[in-house]
Chemist: 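Once you've had a glance at the structure underneath, I'll fire off some questions.
Per chain, numbering begins at 1; letters A, B, ... match sequence-line order.
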Amino acid sequence: MSELTKTFEPQAIEEKWYAYWLEQRCFEADPASKKPGYSIAIPPPNVTGVLTLGHVLNNTIQDILARRARMLGKEVFWLPGTDHAGIATQNVVERNLRKEGAMKHRDELGREALVAKIWEWKEKYGGIIIQQLRKLGASCDWRHERFTMDAPYSRCVQQVFVDLYKKGLIYRGRRMVNWDPSALTALSDEEVEMKEQNGLLYYFKVEVVDEPGAFLTIATTRPETIPGDTAIAVNPRDPRYAHFIGKRARRPLPVENKALLPIIGDEHVEFEFGTGVLKVTPAHDKADFDIGQRHALPIVDIMHPNGTMNDLAGVDLAGLDRFEARKIAVEKLRELGLLEKEEPHQNKVGYSERAQVPIEPRLSDQWFLKYPSQEAARDAVASGSISFHPERWAKVYDHWMGNLQDWCISRQLWWGHRIPVWTRRFESEGEAAQIVAAWESGKAPYSTGGHHAVAGDRVIVLTSDPADAKALAVAGFQQDPDVLDTWFSSWLWPFATMGWPAKSEMLAKFYPTTDLVTGPDIIFFWVARMIMAGFEYMGEMPFRNVYFTGIIRDKQGRKMSKSLGNSPDPLDLIASYGADALRFGVMRSAPIGQDVLYDEKNVELGRNFCTKLWNACRFRQMHGGETEGEIDRSLLSSDDKWILLRLDAAIAEVSTALDAYRFSDAAAALYRFFWSEFCDWHLEASKAALNGTDAARKANTLAVLDFVLGHLLRLFHPFMPFVTEELWHGLGFSADLPEGQGGKTILYAHWPKPLGADFCEHYGIDPSDEAFASAKHDVVNIGRGLRRDFNIAASKRVAFILRPNAPMPDHEAAVLKLLLNAEELSLVDGGWTPPRGTPASLTPHGELFLPLEGLIDAGAERERLSKEAAKVGQELAKVRAKLADGHFASKVPATVLEEHRQRETAWAEKLGQIQKMQAALTEASPSP
RNA sequence: GCGCGGUUAGCUCAGUGGUAGAGCGCCUGCUUCACACGCAGGAAGUCGCAGGUUCGAACCCUGCACCGCGCACCA
């Protein structure tokens, strides 16, 4: 037991204990343990990332879950790691290389050199966020840190690709995809964010050449794509236009190629929108592409991949950016006299989630996946086998699962898992078949587990074995240049990190994981896909519970962002307030299922709270004595019993809240119990005995304090690991405990159980004891109220007189005296009459008087009493009115009726008392 | 358009049928021997609006308004 310093300095103890925990190997999970397993796989942060408040929220929750599970006797495995985050990481490194002048464009470096540069960068900076998590106190098993591009992990990814291909679920196809013209890659539907745009709707007319003099007016938001139009469509049921179907119209742009377009009928066209006439651009719009397919229309692609117009767009537009081209196209239409009007129009445009540029629908060859194990994945959540918190996200999940679109998994990037597909074109189909036949009877240029297929004169080989690459190259095969969507690797996270495809002992012990803590924004990207992968490859769900955090916003409710500068650095906050303060502050303000409005005030509150805890423990320590002495039931005061009952309630409340993932409720319960109940009442009350002369009573009071603190520190530990560990040792709680139960560290101290009936019986604690102590609190509050009403400074020590309803033991009265800051508290019997006009108030323990020794201000007392009488009279009238209502008396449940009657009695008694005092006052000094 | 949240004190939020709550902020007093990162007090709310159910509604039902977020191929 070392002496606690006067002020709490978090920085010193944080470092000390984290090092201690690592050295003692406290976070290391043993798959051979007999204890029940508990596991969490961290949502791997982007390897380029730095810690944000979002990470703080997310990882604090995981740490609370992990630490509590440890205290509950589980074998805990919290798996840490990072994600290679394809586009984001490649962007960051490319930007840095350009800034350094190392390159202007990635083509200068070439694929291999750039990827090498990114690895270099990753080795140098990729550990930052991991180090930061340690500062926060995260109790991860660092021996198992994983990265989604570790060699074994990469192999898992490619093996899954090969397997899904063999199952016919992965295919290559020429389809409309979401094209990011800035990153020059395809994206999945989920990576496209729809944004409201204030744009213009342009009305222009086209001449119907087969009906001289007839024109059709078309409304479009994208006039720059006119050169790519290959038809005009109307709804065949539209009487205005049906008769034009089959005729031809002249496309106005490009001016040098005014092609004739067929007018076709298609149900897709809405009557009401615009003019009801649609220009069809199969190469640049998904819906138009579908129409094109239905009508076998040609596809004219008028754009380069980077979003600039190509030669097919015509001389006026070629080379221009698509938005610049829009302006020019409009000008041209105006010059041609074909532009009728333009009107403001609000529409939604897909943006690349990352690059924040508008997506261009583009026809390209990509790899697609039909999701596996859809049914099992959907059922698991619908049936509650996997439970979502808050539950409402299950509905969102279910809706998405019911409308699954094939997943575009190829990306035209360099950083990521290379698609494990090699192809070679042969002279003829015959030669291809011959080669393959030779492989089938002899030696193929790839290892077992690989797979090949023939498509005409092309032979395709899939293999996940990195050693095969050379052999295939020698055999003249070329690997697909694309990489896989990052999420195609992260969806394997819960098992690819634990040794899969081997049947590892980690998997046996810790799969499925227990809890997943993540944001609802990646419910489709990650959560849903992990569930499908889990069922497909492990035959089982990847996790049992999913807790969705809110999003951290600033005080004004805006998302945190670098550009707004409203995103504080958690490390700065830890430096100035301490990690425990940050954790507790954030958790206290993060209600389940709601966004968190971040305010530094919350961290300040956390800091104040840690300091208060520190000082309460110092207070205990300053009174010396033995740690955790025997509690003698015969010496328990009502305050002791009260705080034990409150502790019991707090244990239950905190445990229930944590079981239900209601972290802010648990934090609030801890706050209330410690501050309002323990410090404000019990600690203050205990001073009577601690500063008294009765040594036995003092020792017993300390024993109770220790009992409560010992439980309190354990309840707090998951929220505030550092300060609780320091105090645990500082107060000597670790001294007598076995190593695995709190002796070495509070980490393994048992999570408190509700005290229970046996405990209460053993110590002679009865629920009525709680009432007795609460009644004492009332006496104190009323006494302080009297002081206030008569303007007696809190520091001025006055005498109080109590006429108790029942005998009041000396040690109980001593507490009242102390809390009233009274010079003296005299107990008088029923026969005693106060000097006339003495301020008095009825308390649950009897009448309390404040004798003012001739200083009575009769006017003030009269005023006070009449104010109080009015208030009490009002309450009494309210409850009487209810009771007088016949409906009420006849319909209300007996308990409620009884409660109202008691209330009536209480108010009536109170009023009678006040009236008696008023009468006494009048006798003393008749009102003027 | 459909769906999901939300609307309670100046701010952030608890409160799911029976006497409106907490933290912060504000105001007053206090350096009282653990803590001024503190202590003791105080002011402050027609519980978004309108109906309905009920003896009784912040709470249940219906409708509406406003805020936020998803989903959806109206160009």
Side-chain angles (χ1 to χ4, degrees), chain A residues 4 6-8 176 194 201-202 218-222 225 233 268-281 285-291 345 347-348 350 361 390 392-393 395-396 399-400 403 520-521 523-524 551 553 555 557 577 581 588-589 591 593-599 601-602 604-623 662 664-665 668 671-672 675-676 679-680 683-684 687 691 780-781 784-785 787-788 791 793-797 819 821 875 878-879 882 885-893 895-897 899-900 903 906-907:
Chain A
L4 299 173
K6 179 134 201 296
T7 51
F8 169 50
M176 287 301 274
M194 298 308 276
L201 192 58
Y202 303 90
I218 301 172
T220 181
T221 53
R222 301 202 65 187
T225 63
H268 167 76
V269 183
E270 298 277 336
F271 288 42
E272 290 81 21
F273 189 88
T275 57
V277 184
L278 175 70
K279 69 194 254 321
V280 183
T281 325
D285 184 280
K286 200 159 184 274
D288 289 7
F289 177 79
D290 293 340
I291 295 175
H345 176 68
N347 67 335
K348 298 241 184 158
R392 64 188 150 89
W393 293 109
K395 215 169 169 177
V396 176
H399 182 254
W400 189 75
N403 295 280
D521 48 333
I523 191 166
F524 309 139
I551 295 167
R553 297 170 180 280
K555 267 189 275 190
Y577 297 102
R588 231 186 73 93
S589 57
Q594 280 184 49
D595 288 354
V596 182
L597 296 200
Y598 171 79
D599 184 340
K601 282 275 173 209
N602 290 321
E604 226 173 86
L605 179 125
R607 188 260 327 255
N608 297 353
F609 192 82
C610 291
T611 306
K612 184 83 174 174
L613 184 62
W614 183 264
N615 281 309
C617 290
R618 260 184 78 225
F619 169 84
R620 159 65 189 94
Q621 196 178 55
M622 287 164 79
H623 284 91
R662 288 185 283 110
S664 66
D665 288 350
Y671 188 98
R672 190 212 62 235
W675 202 304
S676 309
C679 288
D680 289 351
L683 222 50
E684 292 304 323
K687 286 176 182 174
N691 297 331
V780 172
N781 285 331
R784 286 169 178 170
R787 287 182 92 111
R788 183 184 64 249
N791 277 324
S795 55
K796 179 157 183 186
R797 314 202 59 186
L819 296 182
N821 193 26
E875 292 297 334
K878 227 157 67 178
V879 73
K882 268 192 169 182
D885 186 338
H887 292 292
F888 179 79
S890 61
K891 297 211 173 177
V892 100
T895 52
V896 175
L897 189 62
E899 193 237 319
H900 277 74
R903 211 188 295 164
W907 286 125

Chemist: Determine the Euclidean distance between corresponding P atoms of rA14(B) and rC74(B); express it in Å to zero decimal places.
Modeler: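 Looking at atom P only, rC74(B) and rA14(B) are 35 Å apart.
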Chemist: Hey, could you give me the NE2/CG distance between H268(A) and D288(A), rounded to the nearest 0.5 Å?
Modeler: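 Rounded to the nearest 0.5 Å, the NE2-CG separation comes to 6.5 Å.
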Chemist: Just verifying a value: how many Å separate N608(A) CG and Y577(A) OH, rounded to the nearest 0.5 Å?
Modeler: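 So the gap between those two atoms works out to 9.0 Å.
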Chemist: Which base sits across from rG25(B) as a Watson-Crick or G-U pair, both distances under 3.5 Å?
Modeler: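 Across all strands, not a single nucleotide pairs with rG25(B).
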Chemist: Among residues at least two apart in sequence or on other chains, which ones pass salt bridge (Lys or Arg N to Asp or Glu O under 4.0 Å) with K601(A)?
Modeler: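 E604(A).
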Chemist: Using the P atom in both, what is the distance from rU19(B) to rG52(B), to the nearest Å?
Modeler: 24 Å
Chemist: Quick one: do T225(A) and K279(A) satisfy side-chain contact (heavy atoms from CB on, under 4.5 Å)? Show the steps, please.
Modeler: CA-CA 9 Å; T225(A) 63; K279(A) 69 194 254 321; 2.6 Å; yes
Chemist: In this structure, how many angstroms lie between the C1' atom of rA34(B) and the CZ atom of F609(A), rounded?
Modeler: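 From F609(A) CZ to rA34(B) C1': 15 Å.
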Chemist: Under 3.5 Å, which protein N or O atoms sit close to an N or O of nucleotides 22-25 of chain B? Give each pair with its distance.
Modeler:
residue, atom, partner, partner atom, Å
rG23(B), O2', R588(A), NH2, 3.3

Chemist: Check whether any side-chain heavy atom of Y202(A) sits under 4.5 Å from a side-chain heavy atom of I218(A), and report yes or no.
Modeler: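 With C-beta onward as the side chain, the pair stays apart.
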Chemist: Closest-nucleotide mapping onto RNA chain B: is V780(A) or K6(A) further toward the 5' terminus? I mean the 5' end.
Modeler: K6(A)
Chemist: Is the count of non-hydrogen atoms from other residues, nucleotides or ligands lying under 6.0 Å from H345(A) atom NE2 greater than 12?
Modeler: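 Atom NE2 in H345(A) is packed in, count exceeds 12.
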Chemist: Which whole-number value in Å describes the distance from N821(A) CG to rU32(B) P?
Modeler: 11 Å
Chemist: Can you check the distance between rA20(B) and rC35(B), where both ends of the measurement are the C1' atom (answer in whole Å)?
Modeler: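 Pairwise C1' distance, rA20(B) against rC35(B), rounds to 32 Å.
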Chemist: If I pick the C1' atom on rC55(B) and the same atom on rG17(B), what distance separates them, to the nearest angstrom?
Modeler: 12 Å
Chemist: I want to check something: taking the side chain as every heavy atom from C-beta on, are R588(A) and N602(A) in contact at a cut-off of under 4.5 Å?
Modeler: no
Chemist: Could you tell me how far rA58(B) sits from rG21(B) if I compare only their C1' atoms? Round to whole Å.
Modeler: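 The answer is 12 Å between these two C1' atoms.
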Chemist: Suppose we call a contact any N or O donor and acceptor under 3.5 Å apart; does that hold for the side chain of E684(A) and the base of rA40(B)?
Modeler: no
Chemist: Give the rounded distance in Å between these two atoms: CZ of R553(A) and C1' of rU12(B).
Modeler: 14 Å
Chemist: A side-chain contact here means heavy atoms from C-beta on lying under 4.5 Å apart; do K612(A) and Y671(A) qualify?
Modeler: no
Chemist: Partner of rA9(B) by Watson-Crick or G-U wobble geometry, both contacts under 3.5 Å, or none?
Modeler: none
Chemist: Test for a donor-acceptor pair under 3.5 Å between the base of rC4(B) and the side chain of R392(A), counting only N and O atoms.
Modeler: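 Between rC4(B) and R392(A), which were checked side chain against base, a qualifying N/O pair under 3.5 Å is absent.
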Chemist: May I have the distance from N608(A) (atom CG) to rC37(B) (atom P), rounded to whole angstrom?
Modeler: 8 Å
Chemist: Find the partner of rC60(B): check Watson-Crick (N1-N3 plus N6-O4 or O6-N4) and G-U wobble (N1-O2, O6-N3) distances, both under 3.5 Å, and reply none if neither fits.
Modeler: rG52(B)
Chemist: Let's see if you can work this out: which of rG18(B), rC39(B), rC4(B) has an atom nearest to the side-chain heavy atoms of K395(A)?
Modeler: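 Of the options given, the side chain of K395(A) lies nearest rC4(B).
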Chemist: Once you round it to whole Å, what is the distance between C1' of rG38(B) and CZ of R618(A)?
Modeler: 13 Å
Chemist: Is the distance from OP1 or OP2 of rG41(B) to the nearest side-chain N or O of N781(A) less than 4.0 Å?
Modeler: yes
Chemist: Counting only Watson-Crick or G-U wobble pairs whose two distances fall under 3.5 Å, which nucleotide matches rC69(B)?
Modeler: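 For rC69(B), the partner nucleotide comes out as rG3(B), under the 3.5 Å rule.
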Chemist: Side chains of L897(A) and K882(A): does their closest heavy-atom pair fall under 4.5 Å?
Modeler: no
Chemist: How about H900(A) and V892(A): do any of their side-chain heavy atoms sit closer than 4.5 Å?
Modeler: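 The answer is no; the side chains never approach within 4.5 Å.
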Chemist: Under 30°, 30 to 60°, or over 60°: which ring-plane class applies to F524(A) and W400(A), parallel, tilted or perpendicular?
Modeler: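 If you compare the ring of F524(A) with that of W400(A), the planes turn out parallel.
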Chemist: Which whole number of Å gives the distance between the P atom of rG45(B) and that of rC11(B)?
Modeler: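 Their P atoms lie roughly 13 Å apart.
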Chemist: For the CH2 atom of W907(A) and the CD atom of E875(A), what is their distance to the nearest 0.5 Å?
Modeler: 5.0 Å
Chemist: Mind checking the C1' distance from rG15(B) to rA22(B)? Whole angstroms is fine.
Modeler: 10 Å
Chemist: Determine the Euclidean distance between corresponding C1' atoms of rG56(B) and rC13(B); express it in Å to zero decimal places.
Modeler: 27 Å
Chemist: Starting at atom CZ of R784(A), determine the distance to atom C1' of rU28(B), rounded to an integer number of angstrom.
Modeler: 16 Å
Chemist: Regarding P893(A), tell me which of base, sugar-phosphate or nothing describes its non-hydrogen contacts under 4.0 Å with the strands shown.
Modeler: base
Chemist: Under 4.0 Å between a side-chain N/O of R788(A) and OP1 or OP2 of rG41(B), yes or no?
Modeler: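 No, because none of the side-chain N or O atoms of R788(A) sits under 4.0 Å from OP1 or OP2 of rG41(B).
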Chemist: Tell me: NE2 of H887(A) to P of rG18(B), nearest whole Å?
Modeler: 21 Å
Chemist: Counting only Watson-Crick or G-U wobble pairs whose two distances fall under 3.5 Å, which nucleotide matches rU19(B)?
Modeler: none
Chemist: Between protein and nucleotides 70-75 of chain B, map the contacts as a letter string: B base, S sugar-phosphate only, - none, heavy atoms under 4.0 Å, written 5' to 3'.
Modeler: -BBBBB
Chemist: Both distances below 3.5 Å, Watson-Crick or wobble geometry, any strand: find the nucleotide opposite rG38(B).
Modeler: rC30(B)
Chemist: Report yes if a donor N or O on one partner sits less than 3.5 Å from an acceptor N or O on the other, where the partners are the side chain of K612(A) and the base of rC37(B); otherwise report no.
Modeler: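 Not at all, since no donor on one side and acceptor on the other fall under 3.5 Å apart.
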Chemist: Whole angstroms only, please: what is the CD1-P distance between I523(A) and rC4(B)?
Modeler: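 That distance rounds to 15 Å.
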